[in-house]
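Taking it in order: structure first as structure tokens, then the write-up.
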Amino acid sequence: MEKYVIEGGVPLYGEVEIQSAKNAVLPLLAAAVLTEGRVVIHKCPRITDVLNMAQILAELGFSTSFAGDDLIIDGADAANHEIPAALAKELRSSVFMLGSVIARFGRARIAYPGGCDIGLRPIDLHLRGLRRLGVNISEEGGYIDCTCSRLTGAEIVLDCPSVGATENIMLAAVRAEGETLIRNAAREPEIVDLAHFLNRMGVKVYGAGTSNVRIEGVKTLRGVEYTPISDRIEAGTFLIASAMCGGELVLKNAEAENLTALIHKLCEISCKIHADNGKIEIESKGRVSPGLVETSPYPGFPTDLQAQMMALACICRGSTVVVENLFETRFKHVPELIRMGADITVRGRSAFIRGVPSLKGADVLAGDLRGGAALTLAAISAEGQSCVADLSHIDRGYSDFEFKLRALGARIRRVRV
Ligand code: EPZ
């Protein structure tokens, strides 16, 4: 196992280049299954989730290789429809493969997906949507077996705007006969990016980014080269780091319009933020409690920034209530923040935080990807030395995290334990 050793208490100054979005790249890799042509994903982050997804493609018979920052995928000879259990268990986005593997091969077999342990993470909406398109699905022994002789377009109404279910249904619908309409679809920027990618492949997707997404099925899809959108969650993580540590940061390759809920909160805390032309500049001017932070589907406050925002609330003047509305157990970072001197009380999905002047260094354990990022920010802002263990969570979603933080002045190093 590896851990960060961090000497806290220094402000952050400088520029940081934001990576391509993990949660955009993963569905794009699932979409690459749909074509026998060559697909090139430019500026592809070498994070564990992407490498595992590329490995799943390889198991399906695709050739995958990196040339610099380009991930090149060639599916001319692919013919396997079974996603290995060991890989499926590594990441949630393996389940997105169902739609595209069925669309390409007419069959798919997958073990129940893994990913961050942040809640029950059911896939009922995925399976219900695929059944509406004509897929026969049996679930036995932890596996999902799908067969489909002919995909037929349908109207599908999601009980909740699930990101993964929206993407999975879009991926299957591209090869369905006729038109598919997804109502109560997720509106995340990553859904819009997937639609842009599919349209470049020759599909006709309308309405991505709204609650109603319409897909006209096509017979064949061409290979494409594509540069994904930037990672709004990585950008939000660095903005919160600046608010916690003080100093001034310039984020490059960052889209402020995808972060309006966070930026609004940080301005309430009294950060000075200026954004234009793919850059976001932030100057921390003190830390006044934001009062209430409630997560909700996009364009609401992102659940993927809840842990980082809670770490900031721990050192704001005043009290803050953080409500996690999307996942049942996404508070694993709370006991670790308390070990660092935070004053937090949890009741159900609400955390009540009383701000303290500063946190104190401690040895803490990350329980999931975004909790690990939050604990790292807490350690960088704290007085004294901290160790943040099990970096395997952070490595799933942040490329070169410690290198980027060190370049901004943080005293952080990775050691093997
Ligand atoms: C995606 O997960 C992201 N992952 C998550 O990011 C993100 O937190 C989440 O969307 C919400 O924005 C990827 O894109 C790879 P959901 P996903 O389906 O698709 C319920 C990170 O840190 N639901 O939108 O799994 C579910 O229980 C990760 O980068 C059902 O009830 O999220 C939850 O309450 C963590 N039935 C809500 O929907 C279903 O069939 C939102 O889940 C599916 C979901």
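Counting starts at 1 for both ligands and their atoms, in listed order.
Every atom of ligand 1 with a heavy atom of N23 under 4.0 Å away is listed here by number and element: 3 (C), 4 (N), 6 (O), 13 (C), 14 (O), 15 (C), 21 (C), 29 (O). If you number the atoms of ligand 1 from 1 as listed, the ones under 4.0 Å from a heavy atom of R370 come out as 21 (C), 22 (O), 29 (O). Short contacts between ligand 1 and G164, defined as distances under 4.0 Å to a heavy atom of the residue, involve ligand atoms 18 (O), 19 (O). Set against the non-hydrogen atoms of L369, the atoms of ligand 1 under 4.0 Å away are 22 (O).
Between the side chains of S242 and S284, no donor-acceptor pair of N or O atoms lies under 3.5 Å.
Counting heavy atoms closer than 4.0 Å to ligand 1, residue C160 contributes side-chain atoms (C-beta onward) but none from N, CA, C or O. Of the heavy atoms in K22, only side-chain atoms (C-beta onward) come closer than 4.0 Å to ligand 1. Proximity of L125 to ligand 1, defined as any heavy-atom pair under 4.0 Å, is shared by backbone and side chain alike. Of all the heavy atoms of H126, the ones lying under 4.0 Å from any atom of ligand 1 are found in both the backbone and the side chain. Only the side chain of F327 comes within 4.0 Å of ligand 1, judged by heavy-atom distances.
No donor-acceptor pair closer than 3.5 Å links the side chain of R330 to the backbone N or O of G119. Remark: side-chain polar atoms of S20 are not paired, donor with acceptor, to backbone N or O of P45 under 3.5 angstrom. A donor-acceptor pair is defined here as one N or O able to donate and one able to accept, closer than 3.5 Å; no such pair exists between the side chain of T166 and the backbone of A185. Judged by distance alone, the side chain of T295 and the main-chain N or O of N325 form a donor-acceptor pair under 3.5 Å. Of the possible polar contacts, none joining the S100 side chain to the V33 backbone as a donor-acceptor pair under 3.5 Å is found.
Residue L326 places at least one N or O, backbone or side chain, under 3.5 Å from an N or O of ligand 1. For ligand 1, the polar-atom distance check finds no N/O of I118 at less than 3.5 Å from any of the ligand's N/O atoms. In terms of polar-atom proximity, T303 is not counted as a contact of ligand 1, lacking any N or O under 3.5 Å from an N or O of the ligand. For R121, a nitrogen or oxygen atom sits less than 3.5 Å from a nitrogen or oxygen atom of ligand 1, counting backbone and side chain alike.
Ion pair D304/K22 not flagged as a salt bridge, since none of the NZ, NE, NH1 or NH2 atoms sits closer than 4.0 Å to an Asp/Glu carboxylate oxygen. Using a cutoff of 4.0 Å between basic side-chain nitrogens and carboxylate oxygens, D400 and K404 are not scored as salt-bridged.
Contact analysis puts R330 in contact with ligand 1, with a non-hydrogen atom separation below 4.0 angstrom. For A165, the closest heavy-atom approach to ligand 1 does not fall below 4.0 Å.
The heavy atom nearest to atom 24 (O) of ligand 1, considering only T166, D304, V163, V25, is found in V163. Nearest residue to atom 44 (C) of ligand 1 from G397, S162, P27 is S162 (criterion: closest heavy atom).
Aromatic ring pairs are classed by plane angle as parallel below 30°, tilted from 30° to 60° and perpendicular above 60°; the pair Y4 and F401 is tilted.
Atoms CD1 and NE2, on I273 and H264 in that order, are 11.0 Å from each other to the nearest 0.5 Å.
Test T237, L391, V388 against T376 for side-chain contact (heavy atoms from CB on, under 4.5 Å) and you get one pass: V388.
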